Amino acid sequence: MNDRATIVIPLAEVRSKVKPRSAPKGRQVDPDAREMIAALLGGRDAVGHLRRDLLVEYLHLIQDRFGHLSAAHMAALAEAMKISQTEVYEVATFYHHFDVIKEGEAVPAALTVRVCETLSCSMAGSAALLEKLPAILGKEVRVIEAPCIGRCAEAPAVCVGQHAFGHATVESVAKAVCEQDTKPTAQQTTTHVGLKQYLAEGGYQTLLAVLSGKRDVEAVITEMEHSGLRGLGGAGFPTGRKWRIVRGETGPRLMAVNIDEGEPGTFKDRYYLERDPHRFIEGMLIAAQVVGIDASYVYLRDEYHHCRIIIEAEMAAAQAWASGKGITLPKIEIRRGAGAYICGEESAMIESIEGKRGMPRLRPPYVAQVGLFGRPTLEHNFETLYWVRDILEKGASWFSGHGRNGRKGLRSFSVSGRVKQPGVHLAPAGITVRELIDEYCGGMLDGHNFYAYLPGGASGGILPSSMGDIPLDFDTLQPHGCFIGSAAIVIMSKQDKARDAALNLMKFFADESCGQCTPCRVGTEKAVTLLEESKWKTGLLEELSQAMMDASICGLGQAAPNPIRCVIKHFSHEIE
């Protein structure tokens, strides 16, 4: 029994002793920051009417204007959007391209130079650039390591501000900095097919036929099914079947187009977008009409600033052309990525489009059922839609008629590394890497002998040259612990080591893991530590790899061990 007396203090007496707050609880919004953000977002009238799904876009506006995101900026943005400051902060800190500055921290240099450090650029000497540039450019320029920026065929590649270019040298980077050549312009973009030329060459006639009903919806879907076209972003899901599934869901339906293209070694989408953007736009509009899409969202990686100039201009031209014919096209919004490889995963991309951190969703439900904004969503890679017009005009048999070694279709191979002619090479599905090197890439570089290759980018594994006669296509590489993915082929010579490549790739995965699940977050970091040892603990690495493959939420953690397992299996002499 407790003998202590209970002391009761009247509530009024307690309240009388509490010192009143001089300001509301939490971080206060700086008046100057409030004015700056209001002006940047369109004036005070915009306050209270800002869209939650555009949070990432608003953060880009602030970053572009001030070069960083201060606590004052983010507090003012949160107030304007009527959301918590924590919500803004957690989104801003998730993405690599946002420089979040805490109170008391120094503001970063006005100009940032990003030097790609992933495999193709590493093989081409990016480490030397990273070592020399800081001293040459001075303290007014920040030089940092960066993951793949989609210019692997021009390795080493850099971004000076928003201007990305390849074949970088100390001199070319210094020249770009001195000339303040930091933003892409129309002159810096590759000459592309504009609307006038595209129409003159028969463009948009297939779309008009679908819109008018001359081409039956069911017949179009059947043609796509018979073509054998599969998703060219990596997963390889049959395109026609996907259209049929999403069309069968209750509307309204949406479309999300993935041009994030962050897989090291991949640059095919940029290649086609720079040259023939309307072929993609027409394919997207045909898919929207056939499936019954109300609005489409195009997610474009942030390193492709010059591509955004192209696609925004050509989409506006297509909209004007359609309006002139009395046609109302579905709404299309272009969303800007912010430097997160994980957003290439379809559900993470959808989260990012909704203005959140790009973290993959647990499935089911699948995005075809519950996707963007909770609606059935048709998710496609850029290149998949690029081929729609050709297939419908030339027929399914035209596409499926290509192929080698029993495979069907065409593949756009992004080839980089130790070959004479790196780049995007359109070749028959099922071609072998030896044939690809000899027939399309001009052979190996002088003084280099074929040693190994990555058949599917960073996550697709590594195979020795002795296995260079495997047909490159969906389903042919899995028996060997690899996959083709987005067909990013990195060619290595005897001057390289597979174990070094595996370490480079694992560092990339560790940096790009979203951190949502423990097997991937902890597993990739632990793997880096183990791979840095002179002699690999193969038993422990295998146990770790299996845990990551079995328990990771999405494909990043599930595929990250592929290079490790391939090196252990095929290059054991390098790790003992």
Side-chain angles (χ1 to χ4, degrees), residues 23 26-43 46-47 50 54-81 83-117 129-147 149 158-164 170 173-184 301-303 305 336-340 352 355 357-358 511-512:
R27 183 188 298 278
Q28 303 308 298
V29 178
D30 179 80
D32 291 338
R34 180 185 289 122
E35 292 291 336
M36 286 188 289
I37 296 303
L40 188 63
L41 299 183
V47 176
L50 302 179
L54 291 178
L55 174 56
V56 174
E57 296 294 317
Y58 299 148
L59 290 171
H60 272 304
L61 288 174
I62 299 171
Q63 174 82 30
D64 289 347
R65 171 64 179 81
F66 301 104
H68 63 278
L69 301 175
S70 69
H73 291 148
M74 291 187 289
L77 179 61
E79 179 188 70
M81 296 184 70
I83 60 178
S84 70
Q85 294 181 25
T86 300
E87 200 169 348
V88 174
Y89 182 81
E90 70 177 5
V91 171
T93 53
F94 181 84
Y95 297 95
H96 295 313
H97 291 184
F98 293 140
D99 292 312
V100 177
I101 306 302
K102 299 177 182 177
E103 288 187 353
E105 288 185 343
V107 173
L111 180 62
T112 296
V113 174
R114 290 184 169 87
V115 180
C116 176
E117 62 170 346
L129 288 176
L130 283 164
E131 180 182 354
K132 297 176 182 178
L133 284 174
I136 293 173
L137 300 180
K139 296 181 179 179
E140 298 303 314
V141 179
R142 179 176 59 163
V143 179
I144 61 175
E145 300 172 344
I149 60 177
V158 302
C159 276
V160 177
Q162 294 181 349
H163 177 205
V170 170
V173 174
K175 181 175 182 291
V177 170
C178 289
E179 295 177 354
Q180 289 297 296
D181 190 9
T182 62
K183 291 187 178 181
R301 72 176 305 186
D302 195 33
E303 292 86 347
H305 289 276
R336 182 174 164 187
S352 188
R357 294 175 295 171
D511 192 50
E512 294 295 335

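Worth saying up front: this structure is predicted, and the values here are computed from it rather than measured. In what follows, every heavy atom counts, from backbone to side chain, and hydrogens, waters and symmetry copies are set aside.
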Margin query: Nearest 0.5 angstrom please: Ile136 CD1 to Glu131 CD, how far?
Written below: 10.5 Å
Next item on the list: Return the minimal non-hydrogen interatomic distance between Leu69 and Ala92, and the atom names on each side.
Entry: CD1-CB, 3.8 Å
Next item on the list: Among Leu77, Leu41, Leu54, find the residue that satisfies the side chain to side chain contact (heavy atoms under 4.5 Å, CB included) test when tested with Leu61.
Entry: Leu41
Check: Do the side chains of Gln85 and Met74 get nearer than 4.5 Å, heavy atoms only?
Finding: no
Next item on the list: Would you check if Leu55 and Met81 make a side-chain contact, meaning some heavy-atom pair closer than 4.5 Å?
Entry: yes
Checklist line | Within 6.0 Å of CD in Glu105, more than 12 heavy atoms from elsewhere | finding: yes
Notebook entry, point to check: Taking all atoms of both residues into account, what is the closest heavy-atom pair of Ala33 and Ala72, and its distance?
Noted result: CB-O, 3.6 Å
Note to self: Looking at Tyr89 and Ala71, would you say the former's side chain and the latter's main chain have a donor-acceptor pair under 3.5 Å?
What the structure shows: no
Next item on the list: Please report the closest heavy-atom contact between Tyr95 and Ala340, naming both atoms and the distance.
Entry: CD2-CB, 3.8 Å
Item checked: Atom pair CZ/CZ of Arg336 and Arg301 - distance to nearest 0.5 Å -> 13.0 Å
Item checked: For Val29 against Ala75, the heavy-atom pair lying closest together -> CG2-O, 3.8 Å
Next item on the list: Look at the rings of His68 and His73 and say which category their plane angle falls in: under 30° parallel, 30 to 60° tilted, over 60° perpendicular.
Entry: tilted
Check: Looking only at atom types and distance, does a side-chain atom of Glu140 sit under 3.5 Å from a main-chain N or O of Ala110, one as donor and one as acceptor?
Finding: no
Notebook entry, point to check: What residues, two or more places apart in sequence or in another chain, satisfy side chain to side chain donor-acceptor pair (under 3.5 Å) together with Glu512?
Noted result: His96
Notebook entry, point to check: Looking at side-chain heavy atoms only, is the closest gap between Glu79 and Ile37 below 4.5 Å?
Noted result: no
Item checked: Nearest heavy atoms of Val56 and Gly355, plus distance in Å -> CG2-CA, 4.1 Å
Next item on the list: Enter the distance from Leu133:CG to Arg142:CZ here, rounded to the nearest 0.5 Å.
Entry: 14.5 Å
Check: Gln63 side chain to Asp99 main-chain N or O, any donor-acceptor pair under 3.5 Å?
Finding: yes
Notebook entry, point to check: How many angstroms lie between OG in Ser70 and NZ in Lys102, if you round to the nearest 0.5 Å?
Noted result: 14.0 Å
Check: Roughly how far, to the nearest 0.5 Å, is CD1 of Ile149 from CZ of Arg114?
Finding: 9.5 Å
Margin query: Looking at every non-hydrogen atom in both residues, tell me the closest pair between Val170 and Leu129 and how far apart they are.
Written below: N-CD2, 3.6 Å
Item checked: Partner set under ring-ring contact (aromatic ring centres under 6.0 Å, His included) for His97, not counting sequence neighbours -> none
